[in-house]
Amino acid sequence: MENRIREARPHVTRNENLIFERSTPGKSGVDLPPLDVPAVAAEQALGKEFFREDIQGFPEVSELEVIRHFTRLSTWNYGVDTGLYPLGSCTMKYNPRINEVVARLDGMATDHPYAPEDLVQGCLRVLHETARCLAEITGMDAVSLQPAAGAEGELTGILTIRACLAERGNPRQYILIPDSAHGTNPASVSISGYEVRNLKSNARGCVDLADLERAMNEDVAGLMLTNPNTLGIFESQIREIADLVHAKGGLVYMDGANMNALVCVARPADFGVDVMHLNLHKTFTTPHGGGGPGSGPVAVKKFLEPYLPSPTVEQASDGTYRLNYDRPKSIGRVRAFFGNFGMAVRALAYILANGPEGLRQTTEDAVLNANYVMSQLKDLYELPYDQPCMHECVFSDRRQAARGVRTGDIAKRLIDYGFHPYTTSFPLIVPGALMIEPTESAAKAELDAFIDAMRAIAQEVEENPEFVLKAPYTTRVTRLDEATAARRPVLRWKS
Ligand SMILES: *Cc1c(COP(=O)(O)O)cnc(C)c1O
């Protein structure tokens, strides 16, 4: 009886043998008709090397057992389709199914990137329209859809800065980056051949203008700024910041991964940004995570357009779409073909399905949700920068750490309450950060359940910190060695 209960609820059993060993010797999942040609002739026709008497070590299971096995495994995962996924800075919002319907249309899914331009006018139009919409949303003049992720967008954007300054006579040496930046920013800068100079944040969590003024000189190629920054705070002095950089001949790069807080409310081009990237897999609802394809388009002001990757998609005067490879100042290709085309299709479907009003509502709801969570938790969790936030809020574990419980422990306990953890320990300028981004997808009842869980955990920390330190209790595996799990993942079960 005990065994049957465990079998029926495999997600709570920790007996690997029971879960994975389904094979019965001699069982077959398929019934093939008997061979109706002489075996020897077949062997001669196909070649001996393609013949196998037996496939050693394959599980012998029925079709139904295979279906059940993989369906069961799929239920061990947690995704945006399962529940709230408040992973700060990642914008884990709902991926509307209409996007998938459109991306699977024959012409979208099966056209070949080597097909002649005349035969793929529809696909080229999708690329052109997507770029046009993103240009309108950011206020920028030109967009390249080639980069495959945010980090590659950063690299592409910084390379356009380098190409532009080099043509003006001196590419310069440094890029300034605030201490609250995402880790990809310094990485992209150094791959581009620049050196990073750090800027300190002020007491409000924003760029310190005096520090920027001291650091900005003619050796500095530009500033790389995330806005809203990783604290979820809008850099309200962004105009002054941009003016300081421009006055010394530098350019302003904006990491636009947090555009979910700005879409159809504010345009980076209007507050002095020269070049930026967007994350279609965050802000524009294309699927996200698990190493699947992403998309990090780069948007630039007119003067940087000649340096964007080639080819660009352009509309000729007769209305047809053409690929333009004749761009001598371009930094070249950064990605095969035209980028992850399917992501552009999904993003365009999302943009058109919502329209400007819908997108604005999305932004407002995302900001409202984050502020609601912040207001309901700040009496129990320390809020180091206490001011209205944008799309996410960042607490510190300082109070809980005094009882020996850190942000990672609280996150583990949150799993027991049925939620995906928030982002832990980032940004680094907040000790023991809890970074929460609910996105607009969360309904109020779901936010309330999350808030209740966080409040209950805060109480558990007060009453029984030891208990929280051993969480999670409801998952198949408990505390993994996270570094080894990432560096040397064991992806296959062996008996
Ligand atoms: C997610 C993110 C990035 C990197 O985007 P990827 O698509 O993961 O490469 C860069 N900056 C910020 C602020 C981000 O949140």
Side-chain angles (χ1 to χ4, degrees), residues 80 85-93 95 134 138 144-159 175-192 196 199 201 205-207 223-235 238 252-263 268 273 275-299 334-335 339-340 342-344 346-347 366 370 389-394 420 422-430 433 435-439 486:
V80 280
Y85 206 128
L87 194 66
S89 201
C90 293
T91 316
M92 302 303 286
K93 55 163 84 176
N95 315 124
L134 297 177
T138 56
S144 168
L145 300 174
Q146 261 188 38
E152 201 189 13
E154 293 169 21
L155 174 64
T156 306
I158 299 291
L159 287 177
I175 299 269
L176 305 178
I177 302 186
D179 52 10
S180 60
H182 196 265
T184 50
N185 290 189
S188 302
V189 162
S190 78
I191 292 178
S192 314
V196 175
L199 289 180
S201 302
C206 293
V207 170
L223 168 71
M224 191 170 195
L225 187 73
T226 306
N227 195 19
N229 64 26
T230 57
L231 294 164
I233 298 170
F234 188 82
E235 296 278 354
I238 182 67
V252 178
Y253 184 99
M254 185 176 118
D255 178 331
N258 294 340
M259 269 302 277
N260 210 41
L262 302 185
V263 172
V273 172
V275 43
M276 64 180 292
H277 78 267
L278 296 157
N279 282 43
L280 298 189
H281 47 288
K282 290 178 182 172
T283 313
F284 295 94
T285 70
T286 74
H288 181 181
S295 182
V298 174
V334 298
R335 172 87 187 150
N340 286 325
M343 297 299 112
R346 289 171 174 86
C389 64
M390 299 292 285
H391 61 301
E392 65 193 3
C393 56
V394 181
H420 192 283
Y422 48 79
T423 293
T424 61
S425 310
F426 179 78
L428 301 176
I429 55 169
V430 172
M435 186 197 224
I436 303 171
E437 181 180 11
T439 83

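Every number for a ligand or one of its atoms is a count from 1 in the order of the listing. Residues take their numbers from the sequence shown, with the count starting at 1.
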J.: Ignoring hydrogens and angles, tell me if any N or O in the side chain of His288 forms a donor-acceptor pair with the backbone of Gly294 under 3.5 Å.
T.: no
J.: Within the structure, does Asn279 bring an N/O atom to less than 3.5 angstrom of an N/O atom in ligand 1?
T.: yes
J.: Considering non-hydrogen atoms only, spot the tightest contact between Ala148 and Asn340 and give its length.
T.: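 Minimum heavy-atom separation between Ala148 and Asn340: CB-ND2, 3.8 Å.
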J.: Any idea which atoms of ligand 1 are less than 4.0 Å away from a heavy-atom of Ala149?
T.: 7 (O), 9 (O)
J.: Give a yes or no answer on whether the side chain of Thr230 reaches the backbone of Ser180 with a donor-acceptor pair at less than 3.5 Å.
T.: yes
J.: Looking only at protein heavy atoms, which one is nearest to atom 2 (C) of ligand 1, and how far off is it?
T.: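 Protein heavy atom at minimum distance: Lys282 NZ, 2.4 Å.
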J.: Please check if any side-chain donor atom of Asn260 sits under 3.5 Å from a side-chain acceptor atom of Lys282, or the reverse.
T.: no
J.: Does an N or O from Thr230, backbone or side chain, lie closer than 3.5 Å to an N or O of ligand 1?
T.: no
J.: Within the structure, does Ala151 bring an N/O atom to less than 3.5 angstrom of an N/O atom in ligand 1?
T.: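 N/O-N/O distance below 3.5 Å exists for this pair.
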J.: So, Asn185 and Asp255: side-chain donor and acceptor under 3.5 Å apart, yes or no?
T.: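 Asn185 vs Asp255: donor-acceptor pair found between side chains.
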J.: Do the side-chain N and O atoms of Thr91 and Glu437 include a donor-acceptor pair separated by under 3.5 angstrom?
T.: yes
J.: At what distance is the nearest protein heavy atom to atom 13 (C) of ligand 1, and which residue and atom is it?
T.: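 Its nearest protein heavy-atom neighbour is Asp255 OD2, 3.5 Å.
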J.: Can you find an N/O atom of Asn185 closer than 3.5 Å to an N/O atom of ligand 1?
T.: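 For ligand 1, there is no N or O atom that lies under 3.5 Å from one belonging to Asn185.
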J.: Pick, from Ala148, Gly150, Ala257, the option with the minimum heavy-atom distance to atom 6 (P) of ligand 1.
T.: Gly150
J.: Within the side chain of Asn279, is there an N or O that forms a donor-acceptor pair under 3.5 Å with the backbone of His281?
T.: no
J.: If we set the cut-off at 4.0 Å for heavy atoms, which region of Glu152 has an atom near ligand 1: side chain, backbone, both, or neither?
T.: neither
J.: Numbering the atoms of ligand 1 from 1, which are under 4.0 Å from a heavy atom of Glu154?
T.: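 The atoms of ligand 1 under 4.0 Å from a heavy atom of Glu154 are 10 (C), 11 (N).
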J.: Measure from the side-chain N and O atoms of Asn227 to the backbone N and O of Glu235, and report whether any donor-acceptor pair falls under 3.5 Å.
T.: yes
J.: So, is His281 polar-close to ligand 1, with some N/O to N/O distance under 3.5 Å?
T.: yes
